[in-house]
There are 2 protein chains.
Amino acid sequence: MVCMSTVSKENYLKAIFNYNVNIGESATTKKIAEELSVSNAAITDMAKKLSEEGLISYEKYKGMELTTEGEKIALNVVRRHRLWELFLVKVLGLNWNEVHEEAEKLEHQTSEFLIDRIDEFLGYPEFDPHGHPIPSKNGTLPKTPKIIPLYEAEKGSTYEFVRVNDRDSELINYLMKVGLLLNTEMFIEDKLKFDESTMVTYNGKTISLSKKIAESIYVKLLKK
Amino acid sequence: MVCMSTVSKENYLKAIFNYNVNIGESATTKKIAEELSVSNAAITDMAKKLSEEGLISYEKYKGMELTTEGEKIALNVVRRHRLWELFLVKVLGLNWNEVHEEAEKLEHQTSEFLIDRIDEFLGYPEFDPHGHPIPSKNGTLPKTPKIIPLYEAEKGSTYEFVRVNDRDSELINYLMKVGLLLNTEMFIEDKLKFDESTMVTYNGKTISLSKKIAESIYVKLLKK
DNA sequence: ATCGCAACTTAAGCAAGCTTAACTTTTTTG
DNA sequence: CAAAAAAGTTAAGCTTGCTTAAGTTGCGAT
C-alpha cells in the first residue's frame, strides 16, 4: 500500500495548498499545526509520510511544498468543498455563513461521480458563495480578476466586494446584518487615520468598517 | 468520555437495527460481521463497548439488541441515509441504483441542521426511492401498508410494486432495464411450479421473474 | 559571533478499530 | 446423548493519527 488517501491526508494537503496559495511561501510546521489544530509533532510525522508518497516535497526544518501530484489531490478537495458550499446555498437556501462547516465534512465523502453531477447541476460555476474560485474537473482554476483587501482601497474609488474568507462565520454574519453581500458595489468615502477604519457607501448606506474587517474582505476596482 | 458516537459505531448500530427490524430477532455476531465485512472478533469487541455505553443490550453468546437509546441513534442514521437517497434522486436526478453507496458515506457527515433542511426541502417525505420508510425527526416511522414478497403473491391478483432492497444495485439495474419501477401496478399472470418463477404483466408487458427476484421485491395487494 | 528562544524533530505512548490464532460455548446431528 | 461443527470469545498484535516530553536546529537581537 503506497498511497492510500485518507480524510486526514486530504486535510493536510488542503492546508498546505491554502498556505502556499494565500501566503505564497513554503508551509511551515507551526502554521499547518495551527490550521489543523494538532501538535507540531503530528505535522512532522505526516510530512514524512506525505513526502514518502510523493505528495509533498519536504526537507527537515525547511517547510513543505506540494508536488504536482499532491496539488492535484488538494485541488480536488478544494473543488469538492467549494462546489458543496455553492450547492448548499443555491439549492437548500443555506446562508453563506452556514455552509463552510458542512462542506468541511462532505468534501471527504463525495465520489467523483457525485461531485461531477453537482458541478453539472450548478452549470459549471467558477466561484463559490464567498468568491473563491472553484477548480474545474481537470484541476484548473478560473482566472480571477485582480483583487485587493478593502483596506488597501483608495478613497474616492468604486469597488466591487468579491471575496471573504469562508472560515470566519462571525464576520460573515456581521456582513449579512449590515446588508453587505458579495458583488455589492461600494464607494470609498474616506479612510480615517485615527483608527485606520474605512468609510464606505453601498446601496445608499454609509458605514464605517474597522481595520480588521477591511483587511478581511476583498474587492475589485470598478471606477477610479 | 463515555459515549462518543463515531462512524464505526453508527454503522454497527444501523446494522443491528436493520437485522432486528428485518429479521425480527436478536442480532448474532456472525450476521453483523458479514453485514459489515469485518471479523467476528471485531463484533465481540464492539459489542462490549456499545453495551457499556448503554446503546445495546448484550450477553455473551446470546446476541445483541438495541436499547431505546441505541435505537434512537440507529433511527437517526437511517433517517439521514434515506433522506440523502431521495434527495440525490429527486434533485440531482441520480438513478435509484446509484444512490445507496453515496448515502452510505454522506449519512455520517450530515449535521442535524442540514438533514432537517433536506427533509424540509423534500416536503417531509415518508418513503425513500426504494420504498423504505423514512424516520421522522423525532424518530417515528411512517405506517407502512402490509407488504409481501412478490414470491408470495397470488395468481390472478393485482399488486403494486412498493419496495426493493437498496443494496442490490444489480437487481435494481435489471428492474430499470425492464421498466419495472416503484409504484408500478402488476398483475400476476401465473406462478410456474417448474422453476418457481412468477409471470407478471405491467404496462401491457408480460415477463417472467425468477424465484430469487420475486423474493427480493415487495408488493402491496391492490385487487384480489 | 553567539546567546537564547522559537520552531522543529524524535521518541515513547495511547485509543480506536481492526486482524489472526487459539480457545470456549452452543448447536446440530447421527 | 455424545461428538463434531458452527458460532462466539479472548488474546496478542497491527496501523493510523494523534499526544506529551525531551532533545535538536536555526535565527534574530544584542
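By convention in this document, chain letters (A, B, ...) are assigned in the order of the sequence lines, proteins followed by strands, and residues within each chain are numbered from 1. Both backbone and side-chain heavy atoms feed into the values below; hydrogens, waters and symmetry mates do not. As the structure is a prediction and not an experimental result, all values here were calculated from the model.
- For the pair B:Glu107 and B:Glu104, the minimum side-chain heavy-atom distance is below 4.5 Å.
- Across B:Tyr174 and B:Ser208, no two heavy atoms sit closer than the pair OH-O, 4.4 Å.
- Residue-level contact check: A:Ser39 touches the bases, meaning some heavy atom is under 4.0 Å from a base atom.
- In this structure, B:Leu150 and B:Tyr218 have side chains that are not in contact, with every pair of non-hydrogen atoms separated by 4.5 Å or more.
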Give every donor-acceptor pair under 3.5 Å between a side-chain atom in residues 31-40 of chain B and any protein atom, sequence neighbours left out.
residue : atom : partner  : partner atom : Å
B:Glu35 : OE2  : B:Arg167 : NH1          : 2.3
B:Ser39 : OG   : B:Ala42  : N            : 3.2

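- Using a 4.5 Å heavy-atom cutoff, the side chains of A:Lys90 and A:Phe121 are not in contact.
- Side-chain N/O atoms of A:Thr6 include one lying less than 4.0 angstrom from OP1 or OP2 on D:dG17.
- Among pairs with a residue in residues 122-145 of chain A, those fulfilling side-chain hydrogen bond (donor to acceptor under 3.5 Å, both in side chains) read A:Glu85-A:His130, A:Glu112-A:Lys137, A:Asp116-A:Lys137, A:Ser136-A:Asn138, A:Ser136-A:Thr140, A:Asn138-A:Thr140, at least two apart in sequence or across chains.
- As rounded to whole Å, 14 Å separates atom P of D:dC18 from atom CD of A:Glu35.
- Proximity of residues 58-65 of chain A to DNA chain D (heavy atom under 4.0 angstrom from any strand atom) is restricted to A:Tyr61.
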Subject >> Derivation and outcome, side-chain contact (heavy atoms from CB on, under 4.5 Å), residues A:Leu92 and B:Phe87 >> reply: CA-CA 11 Å; A:Leu92 286 177; B:Phe87 185 80; 3.9 Å; yes

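- For A:Lys220 (side chain) and A:Ile148 (main-chain N/O), no donor-acceptor pair under 3.5 Å exists by modelled atom type.
- Here the C1' atom of nucleotide C:dA16 and the CG atom of B:Leu36 are 16 Å apart, to the nearest Å.
- Of the residues in residues 40-49 of chain B, B:Asn40, B:Ala41, B:Thr44, B:Lys48 come within less than 4.0 Å of DNA chain D through at least one heavy atom, sorted by number.
- Because its NZ or CZ atom is not both nearer than 6.0 Å to the ring centre of A:Tyr12 and within 45° of the ring axis, A:Lys49 does not count as a cation-pi partner of that residue.
- A:Asn20 is listed as a side-chain neighbour of A:Ile16, based on a closest heavy-atom distance under 4.5 Å.
- Atom CD of A:Glu52 is separated from atom C1' of D:dT15 by 14 Å (rounded to the nearest Å).
- Summarising the geometry, the separation between CE on A:Met4 and C1' on D:dG17 is reported as 15 Å, rounded to the nearest angstrom.
- Within residues 16-32 of chain B, the residues approached by DNA chain D to less than 4.0 Å at the level of any non-hydrogen atom are B:Thr28, B:Thr29, B:Lys30, in residue-number order.
- A side-chain hydrogen bond (donor to acceptor under 3.5 Å, both in side chains) check over residues 58-73 of chain B, counting only residues at least two apart or in different chains, returns the pairs B:Ser26-B:Glu65.
- Between B:Glu34 atom CD and D:dA6 atom C1' the separation is 12 Å, expressed in whole Å.
- A sub-4.0 Å separation between OP1 or OP2 of D:dT16 and a side-chain N or O of A:Ser8 is absent.
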